[in-house]
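Quick note on labels: first sequence line is chain A, next is B, and so on, each numbered from 1.
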Amino acid sequence: MKYWLMKSEPDVFSIDDLKSKKKTSWDGVRNYQARNFMRDDMKKDHLVLYYHSNCDVPGVYGIGKVIKESHPDHTQFDPKSDYYDPKATKEKPRWFMVEVGFVEKFKTPVSLAEIKEVKALEDMLILRKGNRLSITPVENKHFEKVTKLGNS
DNA sequence: GCCAACGTTGGC
DNA sequence: GCCAACGTTGGC
């Protein structure tokens, strides 16, 4: 079992959106490192810390799960999409996505400020200086700690 | 292959 | 709105 952290802006797609729609295609990722994680490493049933960025209280708001593994991101072929990539072809797609399902919303969100205070979480990748990656792997112990905090 | 210019992310 | 820290682009 592997664990991940995925960022989303609540204005765009929040944990409540995920809860009501049950699942979502993680399209629009246009960063090669994040793409590689989705394309190569994220497998069915891997659990995901659902992180909200660019908002009043950034932090982990719940848990998701990979329900469909890597497949081409359709928005790259759509000239009307913000994520259109003229260099991508159906034969040679450049961007991939996974599908993420809803698992739970935390009773108490685990804010970034709190993550910074908790000793056991001090080496989470999210805390690395200048980390802007929208998808990062999460260690087992970190996942457990965050979910414990979120449900307490 | 280098690197300056530019665009984006995301916390504050 | 500011700005640090990236990643990408494109001329050379």
Write down the atom of A:Ile15, the atom of A:Lys105, and the distance for their closest heavy-atom approach.
-> CG1-CG, 4.0 Å

Considering only side-chain heavy atoms of A:Leu112, which listed nucleotide, C:dA5, B:dC12, B:dG10, is closest?
-> B:dC12

Starting from P on B:dG10, measure out to CG on A:Leu125 and report it in whole angstrom.
-> 14 Å

Value for OG (A:Ser25) from CD1 (A:Ile67), rounded to nearest 0.5 Å, stands at 8.0 Å

Side-chain H-bond candidate by donor/acceptor type, A:Thr75 with A:Asp73, under 3.5 Å = yes

Closest to the side chain of A:Gln33, out of B:dC12, C:dG7, B:dG10, is C:dG7

So, A:Arg94 versus A:Tyr32: side-chain donor-acceptor pair below 3.5 Å or not?
-> yes

In whole angstrom, what separates A:Asn54's CG from B:dT9's P?
-> 8 Å

Given atom CG of A:Leu127 and atom C1' of B:dG10, what is their separation to the nearest angstrom?
-> 14 Å

The side chain of A:Lys129 lies closest to which of these nucleotides: C:dT8, B:dG10, C:dA5?
-> C:dA5

Among C:dG7, B:dG11, B:dC12, the nucleotide that comes nearest once only the side chain of A:Lys116 is considered = B:dC12

How long is the line joining CH2 of A:Trp95 and P of C:dG7, in whole Å?
-> 13 Å

Roughly, in whole Å, what's the span from CG in A:Leu133 to P in C:dG7?
-> 8 Å

How far does CE of A:Met42 sit from CD of A:Glu99, to the nearest 0.5 angstrom?
-> 12.0 Å

Can you tell which of C:dT8, B:dG11, C:dA5 lies closest to the side chain of A:Tyr51?
-> B:dG11

Roughly how many Å is it from CG in A:Asp11 to C1' in B:dG11, rounded to a whole number?
-> 15 Å

Round to a whole Å and report the spacing from CG of A:Asp56 to C1' of B:dG10.
-> 13 Å

Find which nucleotide of DNA chain C each of A:Asn131 and A:Lys87 is nearest to by heavy atoms, and output the residue with the more 5' nucleotide.
-> A:Asn131

Of C:dG7, C:dT8, B:dC12, the nucleotide closest to the side chain of A:Tyr32 is C:dT8

Write down the distance between CG (A:Asn31) and C1' (C:dG7), rounded to a whole number of angstrom.
-> 7 Å

